[in-house]
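Inspection log for the structure reproduced underneath, given as structure tokens.
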Amino acid sequence: SASVSWARRCGEETGLSILKKLDQPLEELQILNNIGDSYFNLGLYDKAKEIFEHNLNNPNSDILIKVVSTKNIGKVYFKKREFAKAKDIFNKVSALADEHNMVIFSITSDHFLGRIYLELENHPLAFEYLERSAKNFENKGLNQKEYRYVLEDLLQVLLALGKSEKATFYFKKYTEVSQEISGKIKDQSIRNIQFKLEINEIEQKRIALEEQNRNLKEANEKIKSQQEALKSANQELTQFAHMVSHDIKQPVRTINNFSKLLAREVKDHLTKDAIEFIDIIDSSTKRITAFVEDLSLIHISEPTRPRLIS
């Protein structure tokens with residue numbers, strides 16, 4: 001523990017010199033990881049990465065040191081926004097964690113992979129990794145602060161995807177975790193997320209209303225188009241009725257007149273049946289004439305206009 005304190009206060013060389021005298025290689029690697037974390041927190045990412053890689057390749061490293069060092073290298077790539085490299089590293093961490101049943105590192109890898117996809121704006125994949133990480137954190141009852149960070153990132157993804165209902169579900173969990181951590185909900189981040197949820201809900205309603213208005217506009221335009229087509233068809237039908245009336249009236253009148261002339265010319269020679277036939281012709285032409293005259297009087301009025309949708 002003295003060497004850890006000296007390493008933190010006096011730097012890498014002082015702490016390591018003490019450890020070398022004590023001949024404790026594993027503790028030396030742990031000290032190096034702590035020093036690497038310090039460099040990382042100071043934003044000296046290349047120096048931190050150098051130390052993490054030293055630990056990873058050290059023959060004295062056990063599996064825990066290797067997994068921790070690999071994870072830390074992934075964090076460096078993430079901070080440097082080298083997301084392709086970070087993604088490869090965290091996939092390796094996940095594989096190692098699964099192989100050696102190191103649950104916390106598997107969950108952490110999912111969290112970072114979710115954050116990577118969030119940065120790349122691949123929200124569906126970000127959601128997949130972050131939700132899996134959140135569920136595992138909850139099921140395993142692990143570090144609540146880490147769980148809270150996962151929920152914060154998950155809420156950000158859900159808001160980007162417009163999944164308000166699911167965002168509300170996880171926001172409740174977020175507030176519960178915050179209560180467990182602080183005992184009260186006064187955290188500004190909670191209010192910020194709640195505000196974003198409210199804004200997102202309003203935005204979703206606005207989008208739904210715009211979609212409804214667009215559908216109504218299309219429906220009204222369709223109704224207007226149908227009305228115009230019906231009006232045009234009615235005009236054509238009216239013209240057709242008048243034309244048919246005119247074209248039929250003349251030949252029917254001719255048939256009627258000639259049947260009367262024929263009856264007058266051969267009046268004395270007509271049999272009873274012939275007289276009956278002429279009467280049938282006369283009554284039939286009269287009915288046709290009456291029908292045609294009715295047809296010529298037809299005015300096809302515009303039907304009741306459908307009401308436009310409002």
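Since the structure is predicted, the reported quantities are computational estimates derived from the model, not experimental observations.
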Applying salt bridge (charged side-chain N to carboxylate O under 4.0 Å, His left out), name anything that partners K222, two or more places apart in sequence or on another chain.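 Checked K222 against salt bridge (charged side-chain N to carboxylate O under 4.0 Å, His left out); zero matches.
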Spacing of [X] atom [atom1] and [Y] atom [atom2] [to the nearest 0.5 Å]:
X    : Y    : atom1 : atom2 : value
N220 : S225 : CG    : OG    : 12.5 Å
I63  : T70  : CD1   : OG1   : 8.0 Å
Y170 : K135 : OH    : NZ    : 5.0 Å
F169 : L158 : CZ    : CG    : 10.5 Å
I223 : L216 : CD1   : CG    : 9.5 Å
E138 : Y147 : CD    : OH    : 3.5 Å

Measure the shortest side-chain to side-chain distance between [X] and [Y] over non-hydrogen atoms and say whether it is less than 4.5 angstrom.
X    : Y    : value
D46  : K80  : yes
V76  : N72  : no
E218 : R214 : yes
S61  : N58  : yes
N33  : S69  : yes

Any Lys/Arg nitrogen of R148 or E152 sitting under 4.0 Å from an Asp/Glu carboxylate oxygen of the other?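 Counted as a salt bridge, because a side-chain N and a carboxylate O are separated by less than 4.0 Å.
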Between [X] and [Y], what is the shortest heavy-atom contact and its length?
X    : Y    : answer
F137 : E146 : CZ-CB, 3.5 Å
F40  : K79  : CZ-CG, 3.4 Å
H111 : D153 : NE2-OD2, 2.7 Å
G36  : F52  : C-CZ, 3.4 Å
A86  : G74  : CB-O, 3.8 Å
L155 : A167 : CD2-O, 3.2 Å

Under 3.5 Å, side chain of [X] to main-chain N/O of [Y], donor-acceptor pair present?
X    : Y    : result
S284 : I281 : no
S232 : A229 : no
N91  : K87  : yes

Check the angle between the aromatic planes of F112 and F78 and answer parallel, tilted or perpendicular using the 30° and 60° thresholds.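 Geometry flag for F78 against F112: perpendicular rings.
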Would you say V93 ends up clustered with Y149 if hydrophobic residues are merged whenever their side chains have heavy atoms under 4.5 Å apart, either directly or through other cluster members? no
Out of curiosity, does F277 fall in the hydrophobic cluster containing L261 (side-chain heavy atoms, cut-off under 4.5 Å, transitive links)? no
Evaluate whether atom [atom1] of [X] has more than 12 neighbouring non-hydrogen atoms of other residues, nucleotides or ligands under 6.0 angstrom away.
X    : atom1 : value
F83  : CZ    : yes
E165 : CD    : no
K66  : NZ    : yes
K217 : NZ    : no

Quickly, which of K163, K173, K166 forms a salt bridge (charged side-chain N to carboxylate O under 4.0 Å, His left out) with E131? Name it, please.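 For E131, the salt bridge (charged side-chain N to carboxylate O under 4.0 Å, His left out) test succeeds with only one of K163, K173, K166, which is K166.
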Report the C-alpha separation of K92 and D88 in whole Å, then their side-chain angles, then the decisive distance to 0.1 Å, and conclude whether the salt bridge (Lys or Arg N to Asp or Glu O under 4.0 Å) test is met. CA-CA 6 Å; K92 289 178 183 177; D88 289 341; over 6 Å; no
In residues 95-106, what donor-acceptor pairs under 3.5 Å come from side-chain atoms, sequence neighbours left out?
from : atom 1 : to   : atom 2 : distance (Å)
D98  : OD1    : S106 : OG     : 3.3

Residues 115-130, side-chain donor-acceptor partners within the protein, below 3.5 Å, at least two apart:
from : atom 1 : to   : atom 2 : distance (Å)
E119 : OE1    : R81  : NH1    : 3.1
E119 : OE1    : R81  : NH2    : 3.4
N122 : OD1    : L125 : N      : 3.4

